[in-house]
Trainee: 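There's a structure below that I have some questions on.
Not measured: the values here are computed from a predicted model.
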Amino acid sequence: MRWKQSSNDRAIDRGAQSRLVPGMALHVLVAQSAKPLFSYRKYWAQRFGVAPFLPMSRQEMDVLGWDSCDVILVTGDAYIDHPSFGMAIIGRLLEAQGFRVGIIAQPDWRDASDFRALGKPNLFFGVTSGNMDSMVNRYTSDRRLRHNDSYTPDGRGGKRPDRAVIVYAQRCREAYPGAPILLGGIEASLRRIAHYDYWSDKVRRSILLDAKADLLLYGNAERALVEVAHRIAKSGIKQDFSDIRGLAFAREATPDGWIEAHADDIDTPDEGRRHPSDAEQSERIVIRLPAYEQVMADPETYARASRVLHRESNPGNARPLIQRHGDREVWLTAPPIPLTTTEMDAVYELPFARAPHLAYAGAKIPAWEMIRHSVTIMRGCFGGCSFCSITEHEGRIIQSRSEGSILKEIEAIRDGGEGFTGIISDVGGPTANMYRMRCKDPQTEALCRRPSCVYPDICKNLDTSHDALIQLYRKARALPGVKKVMVASGVRYDLAVKSPTYIRELVEHHVGGYLKIAPEHTESGPLSKMMKPGIGSYDRFKQLFDAAARAAKKDYFLIPYFIAAHPGTTDEDMMNLALWLKRNKYRADQVQTYLPSPMALSTAMYHTGFNPLKPVRRGASEEVETVKGLRQRRLHKAFLRYHDPENWPVLREALKAMGRADLIGPGKHQLIPAWQPAGSGKAGEGRRIASKGRPQTEGGKFLTKGVFHKNGKTKH
């Protein structure tokens with residue numbers, strides 16, 4: 001795909017235009033052409049044809065006539081040959097390039113035996129934790145071990161290790177020393193540079209170095225993977241891959257001929273900005289991030305690194321990044337060029353078995369049961385929510401499939417899906433209603449450095465038309481044998497209000513008794529740090545949703561989701577949210593406490609106390625109030641469940657400490673009663689932790705951010 005200069009220069013956003021330096025517009029607007037994904041000459045092993053399932057054992061390889069695998073993919077998920085699972089897409093894509101691909105799914109990582117099951121790969125091991133980061137998969141936001149795993153047969157927990165990518169890479173190396181190792185998937189993608197790790201409460205090195213891998217592929221990796229695989233097949237792993245987008249690799253030093261743009265000195269405002277003299281050398285500029293040792297020791301420097309990384313995320317204008325780790329440089333090439341619609345169609349139309357591997361016969365895999373009759377229609381998200389990893393992993397440019405390809409997949413589910421009852425459980429993607437939406441002008445899109453197209457307001461250059469999606473819905477539900485097409489993905493309500501017709505279609509045909517939606521908060525403080533719209537957008541959506549439900553004579557409800565303890569949230573913010581919930585008669589059964597995932601902007605706020613959404617400079621960075629203590633995190637969660645008697649004692653004490661005892665009582669305007677049901681209040685979201693058999697409030701007054709002791713000190 002090539003970005004082309006539009007003849008209408010007036011379409012360029014004035015703010016973006018003013019940030020250009022003379023002579024650079026053309027270079028910024030013209031990205032490197034991407035070789036079509038399926039245009040490569042196929043590898044010689046294509047003669048073996050298509051496997052019913054990619055083999056997981058030597059016996060299956062024998063049936064296929066294989067003496068070896070060219071590529072072996074190691075994953076922390078059960079192998080389900082369906083396009084909703086990353087390993088299936090990657091495996092089938094490599095197969096379509098002519099390679100023989102084997103799968104090692106959920107191996108026993110305690111020794112290398114399972115990693116030898118398919119022999120040594122001719123080309124490389126591909127290692128991923130699966131569809132989720134292994135730490136997010138295994139632990140709650142309170143760092144408690146989860147006992148179930150939706151990507152495992154019968155939902156059993158404990159089938160993958162902590163930091164699975166690192167452990168799997170170690171075992172691959174132990175099994176076959178010298179075999180090249182490539183990392184991919186969300187765990188590798190979000191840990192590609194030095195990053196704060198919530199579970200160890202420290203800054204860790206790039207996972208590329210900790211895993212001692214040869215290459216790391218980040219983001220949607222189809223383009224990079226196909227190019228790398230063919231190059232390794234031709235010339236081995238010892239070669240220069242720096243011209244391939246979406247890669248991370250280690251070097252000893254910056255090669256000759258490269259110009260470094262320094263963003264590593266936070267005593268200056270320079271964040272790797274472009275200079276007029278850069279124009280002629282623009283293809284040889286690399287931005288130097290603060291080194292691992294700097295970001296590990298200095299939180300403000302970490303915030304700078306996070307800011308620069310996210311500003312260099314648009315494939316239309318992003319430049320390579322480097323970060324020193326000791327005596328080595330971690331080098332990140334520019335983000336991958338998004339797939340075209342034709343390429344997206346071809347990827348999702350690969351010959352998937354659309355079922356779990358036969359080795360799991362008789363077992364139920366919860367993730368499979370949830371998505372087996374769903375269809376992915378797009379990738380990416382331009383929302384840019386600071387706590388979310390979708391944009392960081394998939395990019396903010398929407399990649400959409402064609403209408404014909406989507407309808408073809410629905411027909412395949414109808415005709416071949418075991419247990420299909422006529423209901424398509426979801427048509428969507430990271431969001432439900434960004435299908436075919438993107439910037440009105442490719443020129444503007446290539447220039448833009450905004451982290452979000454919809455915050456603080458919807459960009460005037462964004463095409464928010466829902467017409468293509470409405471047409472798709474209508475054609476999908478008109479297919480013979482399809483009774484209902486559900487929309488279960490998250491609806492971006494600030495976009496939906498731009499199309500009342502879309503909301504009516506949604507209510508009349510595509511939701512059940514309730515629709516989940518995520519305003520996340522009601523108060524401007526936390527919303528500004530989340531990059532989410534004000535609660536007014538939710539109110540407008542609710543009005544349109546309720547009106548459509550009444551017109552359709554349907555008793556439908558919205559279920560709003562909220563986050564507790566996000567950076568920028570005060571106790572007063574949570575109290576006001578709880579009052580809003582009570583006024584609107586909402587009682588949340590499941591609530592989410594903020595979990596700092598690797599590389600997210602919110603995580604940088606949580607770790608550093610500074611706001612990377614604003615310029616970061618020593619002494620001039622914007623500070624952010626963070627919620628770190630377990631007591632305060634549980635208090636914020638307790639406010640979301642104000643209706644639960646188990647939380648009333650801690651809420652009473654908190655309200656008194658905040659000077660809001662007026663909210664304790666039986667009135668409608670009050671939050672919680674003064675009385676306590678017998679036998680309740682001893683456990684719950686906001687419970688206090690005992691220490692040496694004594695309550696932590698002993699000897700002092702309970703405060704919402706700690707315990708104020710008589711000696712005047714606060715203990716957290």
Trainee: Is there a side-chain contact between Val347 and Arg379 (heavy atoms, below 4.5 Å)?
Mentor: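 Counting from C-beta outward, Val347 and Arg379 do come under 4.5 Å.
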Trainee: Can you list every pair that meets side-chain hydrogen bond (donor to acceptor under 3.5 Å, both in side chains) and has a residue in residues 182-197, with sequence neighbours left out?
Mentor: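 Residue pairs passing side-chain hydrogen bond (donor to acceptor under 3.5 Å, both in side chains), neighbours aside: Ser129-Glu187, Asp133-Arg191, Ser134-Glu187, Arg163-Asp197, Ser189-Arg192, Ser189-His393, Arg191-His195, Arg191-Asp197, Tyr196-Asp201, Asp197-Ser200.
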Trainee: Looking at CD1 of Ile103 and CG of Leu73, how far apart are the two atoms once the value is rounded to the nearest 0.5 Å?
Mentor: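 Answer for the CD1-CG pair, Ile103 versus Leu73, is 4.5 Å.
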Trainee: According to side chain to side chain contact (heavy atoms under 4.5 Å, CB included), who are the partners of Arg324, at least two apart in sequence or on a separate chain?
Mentor: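 By the side chain to side chain contact (heavy atoms under 4.5 Å, CB included) rule, Arg324 matches Arg288, Ala291, Glu329.
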Trainee: Donor-acceptor check, side chain of Ser306 to backbone of Leu601, threshold 3.5 angstrom: yes or no?
Mentor: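 Not a single qualifying donor-acceptor pair exists.
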Trainee: Do Arg160 and Val167 come close enough that some side-chain heavy atom pair is under 4.5 Å?
Mentor: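 The answer is no, as the side chains (C-beta and beyond) never meet within the 4.5 Å cut-off.
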Trainee: Any non-hydrogen side-chain atom of Val136 less than 4.5 Å from a side-chain atom of Trp199?
Mentor: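 Counting from C-beta outward, Val136 and Trp199 do come under 4.5 Å.
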Trainee: Mind checking what makes side chain to side chain contact (heavy atoms under 4.5 Å, CB included) contact with Ala346, not counting sequence neighbours?
Mentor: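 Side chain to side chain contact (heavy atoms under 4.5 Å, CB included) check on Ala346 returns Phe38.
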Trainee: Output all residues satisfying salt bridge (Lys or Arg N to Asp or Glu O under 4.0 Å) with Glu369, sequence neighbours left out; order by chain, then residue number.
Mentor: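 In terms of salt bridge (Lys or Arg N to Asp or Glu O under 4.0 Å), with neighbours along the sequence ignored, Glu369 is linked to Arg372.
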Trainee: Does Thr75 use its side chain to pair, donor to acceptor, with the backbone of Thr128 at less than 3.5 Å?
Mentor: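 Here the side-chain-to-backbone pair does not exist.
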Trainee: The criterion is side-chain hydrogen bond (donor to acceptor under 3.5 Å, both in side chains); which residues satisfy it with Arg138, sequence neighbours excluded?
Mentor: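 In terms of side-chain hydrogen bond (donor to acceptor under 3.5 Å, both in side chains), with neighbours along the sequence ignored, Arg138 is linked to Asp162.
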Trainee: With a 4.5 Å heavy-atom cut-off, do Ser150 and Met370 have their side chains touching?
Mentor: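 A side-chain contact under 4.5 Å is absent here.
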Trainee: Quick one, Tyr151 and Phe85 - any side-chain contact, counting heavy atoms below 4.5 Å?
Mentor: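 Heavy-atom side-chain distance check passes, below 4.5 Å.
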Trainee: Are Glu392 and Tyr218 close enough that a side-chain donor and a side-chain acceptor fall under 3.5 Å?
Mentor: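 Per modelled atom types, Glu392 and Tyr218 side chains form no pair under 3.5 Å.
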Trainee: Take the angle between the ring planes of His230 and Tyr40 and call it parallel below 30°, perpendicular above 60°, tilted in between.
Mentor: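 Correct class here is parallel.
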Trainee: Would you find a donor on one side and an acceptor on the other, under 3.5 Å apart, between the side chain of Arg245 and the backbone of Pro335?
Mentor: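 Indeed, once roles are kept as given, a pair shorter than 3.5 Å links the two residues.
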Trainee: Could you tell me whether the side chain of Asn314 reaches within less than 4.5 Å of the side chain of Ile397, counting heavy atoms only?
Mentor: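 They are in side-chain contact.
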Trainee: Measure the CD1-CG distance between Ile193 and Leu209 for me, rounded to the nearest 0.5 Å.
Mentor: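 Rounded to the nearest 0.5 Å, the CD1-CG separation comes to 12.0 Å.
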Trainee: Would you name the heavy atoms of Ser313 and Ala318 that are closest together and state the gap between them?
Mentor: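 The answer is N-CB, 4.1 Å.
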Trainee: Not counting sequence neighbours, which residues clear side chain to side chain contact (heavy atoms under 4.5 Å, CB included) with Pro320? List them please.
Mentor: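 Per chain and number, Pro320 pairs via side chain to side chain contact (heavy atoms under 4.5 Å, CB included) with Trp258, Val286, Trp331.
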Trainee: Do the side chains of Val228 and Phe241 get nearer than 4.5 Å, heavy atoms only?
Mentor: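 The answer is yes; the side chains approach within 4.5 Å.
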Trainee: Only pairs at least two apart or in different chains count here, so list each salt bridge (Lys or Arg N to Asp or Glu O under 4.0 Å) that has a residue in residues 122-131.
Mentor: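 Sorted result for residues 122-131: empty, none.
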Trainee: What's the separation between atom CD in Glu60 and atom CH2 in Trp66, rounded to the nearest 0.5 Å?
Mentor: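 Rounded to the nearest 0.5 Å, the CD-CH2 separation comes to 9.5 Å.
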Trainee: May I ask you to decide if Lys212's main-chain N or O and Arg173's side chain share a donor-acceptor pair within less than 3.5 Å?
Mentor: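 The answer is yes, because a donor-acceptor pair under 3.5 Å joins these two groups.
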Trainee: When rounded to the nearest 0.5 angstrom, what distance separates CG in Asp426 from CD1 in Ile371?
Mentor: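 Asp426 atom CG to Ile371 atom CD1 measures 10.5 Å (nearest 0.5 Å).
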Trainee: Checking Glu300 now: which residues fulfil side-chain hydrogen bond (donor to acceptor under 3.5 Å, both in side chains) with it, not counting sequence neighbours?
Mentor: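 side-chain hydrogen bond (donor to acceptor under 3.5 Å, both in side chains) list for Glu300, sorted by chain: Arg618, Ser621.
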Trainee: I'd like to know if the side chain of Thr140 pairs up with that of Asp142 as donor and acceptor (distance under 3.5 Å, no hydrogens or angles considered).
Mentor: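 The answer is no; no qualifying pair exists.
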Trainee: Rounded at 0.5 Å granularity, tell me how far CZ in Arg100 sits from CG in Leu123.
Mentor: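 Answer for the CZ-CG pair, Arg100 versus Leu123, is 9.0 Å.
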Trainee: Any idea which heavy atoms bring Pro83 and Tyr348 closest together, and the distance?
Mentor: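 That would be CB-CD2, 3.6 Å.
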Trainee: So, taking the atom named CG in Asp264 and the one named CD in Gln294, what distance separates them when rounded to the nearest 0.5 Å?
Mentor: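 If I round to the nearest 0.5 Å, the distance is 5.5 Å.
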Trainee: Could you tell me which residues satisfy side-chain hydrogen bond (donor to acceptor under 3.5 Å, both in side chains) with Tyr79, sequence neighbours excluded, listed by chain and number?
Mentor: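 Tyr79 satisfies side-chain hydrogen bond (donor to acceptor under 3.5 Å, both in side chains) with Asp81 once adjacent residues are dropped.
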Trainee: Using the rule given for side chain to side chain contact (heavy atoms under 4.5 Å, CB included), can you reason through Met378 versus Glu394, listing the C-alpha separation, both sets of side-chain angles and the distance that settles it, and then say yes or no?
Mentor: CA-CA 11 Å; Met378 47 76 68; Glu394 296 194 4; over 6 Å; no
Trainee: Under the side-chain hydrogen bond (donor to acceptor under 3.5 Å, both in side chains) test, which residues partner Ser386, sequence neighbours left out?
Mentor: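 With neighbours one apart ignored, the set is Ser602.
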Trainee: What are the two closest heavy atoms between Val295 and Val203, and how far apart are they?
Mentor: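 The answer is O-CG2, 3.9 Å.
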Trainee: Output every pair passing ring pair (Phe, Tyr, Trp, His ring centres under 6.0 Å) with a member in residues 304-329, not counting sequence neighbours, ordered by first then second residue.
Mentor: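 Listed by first then second residue: Tyr292-His325.
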Trainee: Kindly say whether Glu271 contributes a backbone atom to a donor-acceptor pair with the side chain of Arg304 at under 3.5 angstrom?
Mentor: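 Absent.
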Trainee: If we only count heavy atoms from C-beta on, is the Asp298 to Ile266 side-chain gap below 4.5 Å?
Mentor: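 SC-SC contact between Asp298 and Ile266 confirmed.
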Trainee: For Pro52, enumerate each residue passing the side chain to side chain contact (heavy atoms under 4.5 Å, CB included) test, keeping only those at least two apart in sequence or located in another chain.
Mentor: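 Partners of Pro52 by the side chain to side chain contact (heavy atoms under 4.5 Å, CB included) criterion, ordered by chain and then number, come out as Leu64.
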Trainee: Of all heavy-atom pairs between Pro338 and Pro315, which one has the smallest distance, and what is that distance?
Mentor: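 So the minimum-distance heavy-atom pair works out to CD-CG, 4.0 Å.
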Trainee: Check for a donor-acceptor pair, side chain of Thr603 on one end and backbone N or O of Ser597 on the other, with a separation under 3.5 Å.
Mentor: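 Yes: the side chain of Thr603 pairs with the backbone of Ser597.
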Trainee: Do Gln106 and Thr152 meet the criterion of a side-chain donor-acceptor pair at a distance under 3.5 Å?
Mentor: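 Yes, a side-chain donor-acceptor pair sits under 3.5 Å.
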Trainee: Donor-acceptor pair, distance only, cut-off 3.5 Å: does the side chain of Thr391 make one with the backbone of Cys381?
Mentor: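 Present.
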Trainee: Nearest heavy-atom pair of Leu332 and Ala248: which atoms, and what distance?
Mentor: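 Closest heavy-atom pair between Leu332 and Ala248: CD1-CB, 4.0 Å.
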Trainee: Would you mind checking if Asp149 and Lys159 are paired as a salt bridge, meaning a charged N to carboxylate O distance below 4.0 Å?
Mentor: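 Salt bridge absent between Lys159 and Asp149.
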Trainee: Any chance you could lay out the side chain to side chain contact (heavy atoms under 4.5 Å, CB included) test for Phe249 and Ser242, step after step, and finish with the verdict?
Mentor: CA-CA 9 Å; Phe249 48 86; Ser242 61; 3.7 Å; yes
Trainee: For Tyr594, does the six-membered ring have the charged nitrogen or CZ of Arg633 within the cation-pi criterion, i.e. under 6.0 angstrom from the centroid and within 45° of the normal?
Mentor: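 Relative to the ring axis of Tyr594, which defines the angle, Arg633 lies outside at least one limit.
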Trainee: Tell me, with the steps shown, if Leu37 and Leu93 meet side chain to side chain contact (heavy atoms under 4.5 Å, CB included).
Mentor: CA-CA 9 Å; Leu37 198 58; Leu93 177 61; 4.2 Å; yes
Trainee: Without swapping roles, check the side chain of Asp77 against the backbone of Asn131 for a donor-acceptor pair under 3.5 Å.
Mentor: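 Between the backbone of Asn131 and the side chain of Asp77 there is a qualifying donor-acceptor contact (under 3.5 Å).
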Trainee: Would you find a donor on one side and an acceptor on the other, under 3.5 Å apart, between the side chain of Arg231 and the backbone of Gly236?
Mentor: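 Not confirmed, Arg231 side chain does not pair with Gly236 backbone.
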Trainee: Could you pull out the closest heavy-atom pair between Ser389 and Ile186, with the gap in Å?
Mentor: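 Heavy-atom minimum between the residues: OG-CD1, 3.8 Å.
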Trainee: For the pair Ile237 and Leu215, evaluate side chain to side chain contact (heavy atoms under 4.5 Å, CB included) and give the outcome as yes or no after the intermediate values.
Mentor: CA-CA 9 Å; Ile237 192 66; Leu215 294 173; 4.3 Å; yes
Trainee: State whether Lys35 and Glu227 are salt-bridged, where the test is any N-O pair (Lys NZ or Arg NE/NH1/NH2 against Asp/Glu carboxylate O) under 4.0 Å.
Mentor: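 No, this pair does not count.
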